[in-house]
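The block underneath contains the structure these notes are about, expressed in structure tokens.
Values in this document were obtained by computation on a predicted structure and should not be read as measured data.
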Amino acid sequence: MSNFYDSIFKSAVDAIIVINNMGIIEAFSPSAEKLFGYAENIVVGKNISILMPKKIAMEHDGYLENYRKTSNAKIIGIGREVVGKKSNGQEFNMHLSVGKAEDESGNLKYIGICHDMTPYYSVKNDLNETMENYDNLSNYEGLYIASIDKNGLVIKSNVLFSESGFFDSNKFVMDFFENYKFEHIIQKTLQDGFYSISKSSIEIDEKKHVIDWNFKLASNDRIQIVGIDRTESEKISESLLKAKMYDPITELPNVNYLRFLLESKGVNLDDYYFFRARFEMVEVNKKIFDRDFLTKSIYTIFNLIVSVECVDYTIQISDYSFLSCVKKTYLPIPSLFNEIVKNISDLALSTDFIVNKKFRVGFCDYHDNGIGKSIDEILRRTDFSLRYAINNNVVVSYYDASVEDSINRIKYIESNVIKIMDDEVVLYFQPKIKSEDFSVYGYEALMRWNSKLIGWVSPVEIISAVNNLDLMELVDKKIIIKAFKAISENPLLQKMSISINMSSISINSCFIVGLIEESAKAFDIDLDYIDIEITEDSLIDDSGNARSNIDLLRSKGVSFSLDDFGKGYSSLSYLTSFNINYLKIDKLFIDALGTYRGDGMVESIIKIAHLNGMKVVAEGVENNQQVVILKEMKCDFFQGYYFGKPTDISNLRG
């Protein structure tokens, strides 16, 4: 896109100047250099007032400040005549059109298109002085000039006016003005002395031209006509507008198109519901290497959404994320939105081009909450509801304050979990109990975070945030060091089995063996008392280092527990293929004890573990009935609230 913008910028007939919201010039086209007499490198970085007469320059910064505070400016999107100043101090009249835009970072920019009015005023002066030089006025390119009487009869005209077919064979001016009656124009000019029409669309030689017309009453009731052809500058403006409002690759409308609908077309946000749909379908390598596939797949989804009958507008947010508007008249109650989702789902299922049919949707209604109507508020609300749908594994989420609170909580956790890992995140210890005599044989170290701002953060929330950030290895390192440090500082934890949880990423990594050895040496820890708890997913990746890491650490005295057995894949091959010491039965099975099926499942797991030389730990033991049943089944160890909740190191018991 940069090449496209650059070519427009450099080839533009009119001068183009870009300033930031502080009035500092950031870009200055070649035509601007020619018009004002400054080289680009001289003016870039200076205030735009360098191009203005002193009086206007003194007022300009105040206008900008007012716009920043109120967003109220009468010149945005409206052309007007102003006075400019060249590098030699010469002042001149010019026509200025100002637009606004945002860059990729959301910073406000103003784009000014300047057209030199000097030829126009030169012609106007000539018209006032004499009618003799009309035949010589054709050299003013883009100016249509004529003098008529009050009946519309052409007295004199330049070649461009006459060749463009603006009068009939009897030399009477025809009604060629779009949406205007020429008789009305003459009447207003005779009455007020001057009349103007901005951006009149006229067809000349089967081509559309955009012309500004000015009518002035002269002596002898003659009316002088001067038309300024703005076709080229309009084409440039349209190209810039299109480049701004459409994605450069897919050519689909983007968020600036929605802003255009709101600001220029008067679309009322209160008339609509909004939903953001995101599909998951193309692998990363195809995004990088197969642009045609990417474009086709995005366009397929776009057409799929817009084909739903009640969808009015749809824009592309990112590769596979789209924001759509649905008129409230189509949905008397928001819950009917589920029908739209079903329609999208049915269409996706019937489209072979879409590989993965999975999508999530965030929905919001828009109410004016006093901060003003803005597209940004819609984007914010649909983003919150979409994230909530993704995080909670549901197809549709409806925006409300609780959804926003939930996502803000996640954002806070993700933003701060690493920063506070050394301070606020601490280890709690839960006892592991021998079934034979109910004595404590060890503890499991568990993460706990009591945030000063949002209160207790569960381990599940911490792990989810860390996984989203792809920082699990870093967290595992910090937890191992915290655990070894706690053991070295507390005699009660020494010479007892201390379990430390480890992620599948870390047990398959190349650093874990060295880290544990170095930490044990640094804190003088006997590895014979260290137990590493891993889950079944740690053992799935055949290409990982789990097997060799487990064997190496076992040779140094470390024991291993297979955590949450039965919760995941529960493959018996793990029990025979890997050198595991303990099997921990998931609480889900322990809760089912006392039922025929529950007892049968737990007893079978214990027998299989014992046959494979493993000892068994029952997790989540919460009552005496469970203890009695587990003892009868010869379960080796218990862990759960019945024997003790996780507690900080100061409250441990031996």
Side-chain angles (χ1 to χ4, degrees), residues 13-14 77-82 92-97 113-238:
V13 175
D14 286 341
I78 303 172
R80 64 182 186 132
E81 282 190 35
V82 298
F92 67 100
N93 293 90
M94 67 180 189
H95 185 277
L96 173 65
S97 298
I113 299 178
C114 311
H115 181 88
D116 188 3
M117 298 290 288
T118 304
Y120 164 69
Y121 280 105
S122 175
V123 168
K124 211 159 84 163
N125 290 334
D126 287 343
L127 287 173
N128 287 333
E129 293 172 5
T130 178
M131 302 293 290
E132 299 300 322
N133 59 352
Y134 266 46
D135 292 331
N136 300 321
L137 295 177
S138 59
N139 62 317
Y140 289 109
E141 183 180 354
L143 291 179
Y144 303 85
I145 305 166
S147 179
I148 63 173
D149 66 16
K150 61 183 180 180
N151 296 312
L153 178 68
V154 176
I155 308 301
K156 202 75 172 174
S157 69
N158 73 341
V159 175
L160 191 58
F161 190 94
S162 60
E163 289 183 348
S164 298
F166 291 150
F167 51 82
D168 60 21
S169 57
N170 296 318
K171 302 198 80 173
F172 282 97
V173 177
M174 297 183 292
D175 272 328
F176 58 84
F177 301 99
E178 187 181 64
N179 300 325
Y180 300 92
K181 284 289 183 183
F182 191 58
E183 290 179 359
H184 172 73
I185 294 171
I186 292 177
Q187 183 181 2
K188 289 294 290 180
T189 306
L190 291 171
Q191 176 183 323
D192 300 332
F194 189 82
Y195 192 79
S196 65
I197 303 172
S198 179
K199 294 185 179 180
S200 175
S201 180
I202 296 173
E203 192 170 289
I204 302 174
D205 296 331
E206 299 183 348
K207 292 182 180 179
K208 179 184 174 183
H209 285 250
V210 178
I211 303 173
D212 288 348
W213 292 100
N214 292 280
F215 304 85
K216 182 180 179 182
L217 183 62
S219 58
N220 301 322
D221 288 338
R222 299 269 175 89
I223 296 174
Q224 298 157 2
I225 304 175
V226 177
I228 305 171
D229 197 321
R230 302 207 175 282
T231 306
E232 289 304 315
S233 61
E234 281 299 301
K235 286 180 181 177
I236 292 169
S237 296
E238 288 176 9

Point to revise | Non-neighbouring partners of K150 that pass side-chain hydrogen bond (donor to acceptor under 3.5 Å, both in side chains), sequence neighbours left out | key: none
**Study point:** Test log, rule side-chain contact (heavy atoms from CB on, under 4.5 Å), inputs Q224 and N214
**Key:** CA-CA 8 Å; Q224 298 157 2; N214 292 280; over 6 Å; no
Check your understanding: For the atom pair OG (S147) and CZ (R222), what is the distance rounded to the nearest 0.5 Å?
Key -> 5.5 Å
**Study point:** Spatial distance of atom CD1 (I204) from atom NZ (K207) [nearest 0.5 Å]
**Key:** 11.0 Å
Review point. So do the side chains of K216 and T189 get within less than 4.5 Å of each other, counting heavy atoms only?
Key: no
Point to revise | By ring-ring contact (aromatic ring centres under 6.0 Å, His included) - contacts of F172 (at least two apart) | key: none
Point to revise | Trace of the side-chain contact (heavy atoms from CB on, under 4.5 Å) decision for I148 with I225 | key: CA-CA 8 Å; I148 63 173; I225 304 175; 3.9 Å; yes
Point to revise | I185 side, atom CD1; S196 side, atom OG - distance, nearest 0.5 Å | key: 10.5 Å
Study note, to complete from the structure: One should read off an interatomic distance between N158 CG and E163 CD, to the nearest 0.5 angstrom, of 9.0 Å
Practice item. Evaluate the side-chain proximity of V82 to M94: yes if any heavy-atom separation is below 4.5 Å, no if none is. Key: yes
Study note, to complete from the structure: By salt bridge (charged side-chain N to carboxylate O under 4.0 Å, His left out), D229 pairs with (sequence neighbours left out) none
Practice item. Would you check if V173 and V154 make a side-chain contact, meaning some heavy-atom pair closer than 4.5 Å? Key: yes
Point to revise | Side chain to side chain, L190 and I223, heavy atoms closer than 4.5 Å | key: yes
Check your understanding: Does some side-chain heavy atom of R230 sit less than 4.5 Å from a side-chain heavy atom of H209?
Key -> no
Point to revise | Criterion side-chain contact (heavy atoms from CB on, under 4.5 Å) on Q187 and Y195, from CA distance to verdict | key: CA-CA 10 Å; Q187 183 181 2; Y195 192 79; over 6 Å; no
Point to revise | Under 3.5 Å: donor-acceptor pair, side chain of S200, backbone of I197 | key: no
Point to revise | Reported CG-to-CD1 distance for the pair D116 and I228, which is rounded to 0.5 angstrom | key: 10.0 Å
Point to revise | salt bridge (charged side-chain N to carboxylate O under 4.0 Å, His left out) partners for D192, two or more places apart | key: K188
Practice item. Check the pair F215, V226 against side-chain contact (heavy atoms from CB on, under 4.5 Å), reporting the backbone distance first and the verdict last. Key: CA-CA 7 Å; F215 304 85; V226 177; over 6 Å; no
Revision key, fill the gap. By side-chain hydrogen bond (donor to acceptor under 3.5 Å, both in side chains), N170 pairs with (sequence neighbours left out) none
Exercise for review: Could I get the full list of ring-ring contact (aromatic ring centres under 6.0 Å, His included) partners for F166, not counting sequence neighbours?
Suggested key: Y144, F161, F176, W213
Review point. With side chains defined as the heavy atoms from C-beta onward, is the minimum distance between C114 and H95 less than 4.5 Å?
Key: no
